[in-house]
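The analysis underlying the following values was restricted to heavy atoms, covering all of them including side chains, and did not include hydrogens, waters or symmetry mates.
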Amino acid sequence: MTAQPPEPSPRPVPSGELRASHDDREAVVEQLRDAAAEGRIDLDELDSRLEQALQSKTYAELAVLTADLPRLDSSGSRPPLVLKGGMYGASRGPGRWEVPGHVIAHGGLGGVKLDFTRAECRLTEVAVEAYGETSGVTIVIPDGWAADTSGMDPGVGGLRDKTSPDRLPGTPLIRLTGSGGMAGVVIRHPNRRERRKLDGNPTQG
């Protein structure tokens, strides 16, 4: 029998092309109404953008409607999210969770995984302090998000930045600081296995 050529891997769907939910559209509608109340857009613009928001099918279509408006910063005033690996490790995501303006991750003995792929983030920037320590920290960000790792001390374990510099309008920047410690810190986009889960459960909470 002749060997069959492997099937090509499906093309990853950029986060901007993912389908928006009713909640996503409602969040944009609320932001537009707030902008009109603050005098940032007039009533004609509000009506036009509201109509487009309700008809939008993807994140990218929604992002265009609020690209010239300040991002909501209610999450920025929340206390930092602190994750400690401890003996058994710790993680946040990939389910839905609201991102605060500051996240601190200590790898400890068990390691930490911080997954933003389904996170709700209304901020233009998120400060992430990652300390690899003994077992390391892994950070996963959606396609279209970008990271600034210039403030990171690689330590002994090093820093592996596997992210793309291409950033979609309206998406946050992850500003990474801290130290790689003994085990190091990794920041990347979803791998093949994680993409399969995202594609198979696009609305999983």
Side-chain angles (χ1 to χ4, degrees), residues 6 9-16 18 71 73 75-201 204:
S9 299
R11 180 182 69 87
V13 179
S15 60
L18 292 174
R71 298 295 297 272
D73 60 359
S75 300
S77 60
R78 296 174 57 198
L81 168 66
V82 180
L83 297 172
K84 296 182 179 181
M87 288 291 294
Y88 303 104
S91 65
R92 178 56 60 96
R96 293 283 184 184
W97 60 286
E98 187 173 356
V99 180
H102 191 185
V103 181
I104 304 171
H106 291 274
L109 294 174
V112 167
K113 184 174 182 181
L114 187 60
D115 191 333
F116 290 91
T117 51
R118 295 188 187 277
E120 300 286 349
C121 186
R122 301 177 182 273
L123 303 168
T124 55
E125 287 191 9
V126 178
V128 177
E129 290 182 54
Y131 301 95
E133 299 177 348
T134 304
S135 294
V137 174
T138 298
I139 303 163
V140 184
I141 64 175
D143 296 316
W145 290 27
D148 177 1
T149 61
S150 60
M152 185 77 186
D153 175 8
V156 176
L159 166 68
R160 285 181 287 168
D161 182 357
K162 301 180 180 180
T163 62
S164 166
D166 299 328
R167 183 181 174 191
L168 287 174
T171 60
L173 174 72
I174 302 297
R175 197 171 293 281
L176 185 62
T177 59
S179 172
M182 293 295 294
V185 171
V186 177
I187 183 165
R188 59 176 174 78
H189 298 298
N191 59 30
R192 188 172 298 178
R193 178 179 59 82
E194 290 163 340
R195 290 184 193 281
R196 283 199 299 266
K197 286 188 175 182
L198 289 170
D199 293 340
N201 300 280
Q204 180 181 346

**Study point:** Chi angles and distances behind the side-chain contact (heavy atoms from CB on, under 4.5 Å) call for Ile139, Val103
**Key:** CA-CA 11 Å; Ile139 303 163; Val103 181; over 6 Å; no
Taking all non-hydrogen atoms of both residues, which atom of [X] and which atom of [Y] are closest, and how far apart?
X      : Y      : result
Lys84  : Ala90  : O-CB, 3.4 Å
Thr163 : Ala147 : OG1-CB, 4.1 Å
Pro100 : Pro79  : CB-O, 3.9 Å
Gly85  : Val112 : N-CG2, 3.5 Å
Val99  : Leu123 : O-CD1, 3.9 Å
Asn191 : Arg188 : N-NH1, 3.6 Å

Atom [atom1] in [X], atom [atom2] in [Y]: separation rounded to 0.5 Å?
X      : Y      : atom1 : atom2 : value
Thr149 : Asp161 : OG1   : CG    : 4.5 Å
Leu173 : Asp148 : CG    : CG    : 6.0 Å
Arg92  : Leu81  : CZ    : CG    : 5.0 Å
Glu98  : Cys121 : CD    : SG    : 9.0 Å
Thr177 : Glu129 : OG1   : CD    : 4.5 Å

Just by modelled atom types, is the [Y] backbone N or O under 3.5 Å from a matching donor or acceptor in the [X] side chain?
X      : Y      : result
Trp145 : Val140 : no
Arg175 : Ala127 : no
Glu133 : Gly108 : yes

Point to revise | Any side-chain heavy-atom pair of Val137 and Val128 under 4.5 Å | key: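 Result no, sub-4.5 Å side-chain heavy-atom pair not found.
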**Study point:** Heavy-atom check, side chain of Glu194 versus side chain of Thr117, under 4.5 Å
**Key:**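 Sidechains of Thr117 and Glu194: no contact.
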Practice item. Not counting sequence neighbours, which residues clear side-chain hydrogen bond (donor to acceptor under 3.5 Å, both in side chains) with His189? List them please. Key: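 So His189 forms no side-chain hydrogen bond (donor to acceptor under 3.5 Å, both in side chains) with any residue.
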Practice item. Before giving the answer on side-chain contact (heavy atoms from CB on, under 4.5 Å), spell out for Met182 and Thr134 the whole-Å C-alpha distance, their side-chain angles and the decisive distance to 0.1 Å. Key: CA-CA 5 Å; Met182 293 295 294; Thr134 304; 5.6 Å; no
Check your understanding: Would Asp143 and Arg195 count as a salt bridge (Lys or Arg N to Asp or Glu O under 4.0 Å) if you check the C-alpha gap in whole Å, the side-chain angles of each, and the deciding distance to 0.1 Å?
Key -> CA-CA 11 Å; Asp143 296 316; Arg195 290 184 193 281; 2.6 Å; yes
Check your understanding: For Arg160, does the CZ atom have more than 12 heavy-atom neighbours from other residues, nucleotides or ligands under 6.0 Å away?
Key ->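 Open: at most 12 neighbouring heavy atoms sit under 6.0 Å from CZ of Arg160.
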Exercise for review: Can you label the angle between the Tyr131 ring and the His106 ring as parallel, tilted or perpendicular, going by 30° and 60°?
Suggested key: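 Rings of Tyr131 and His106: parallel, as their planes differ by under 30°.
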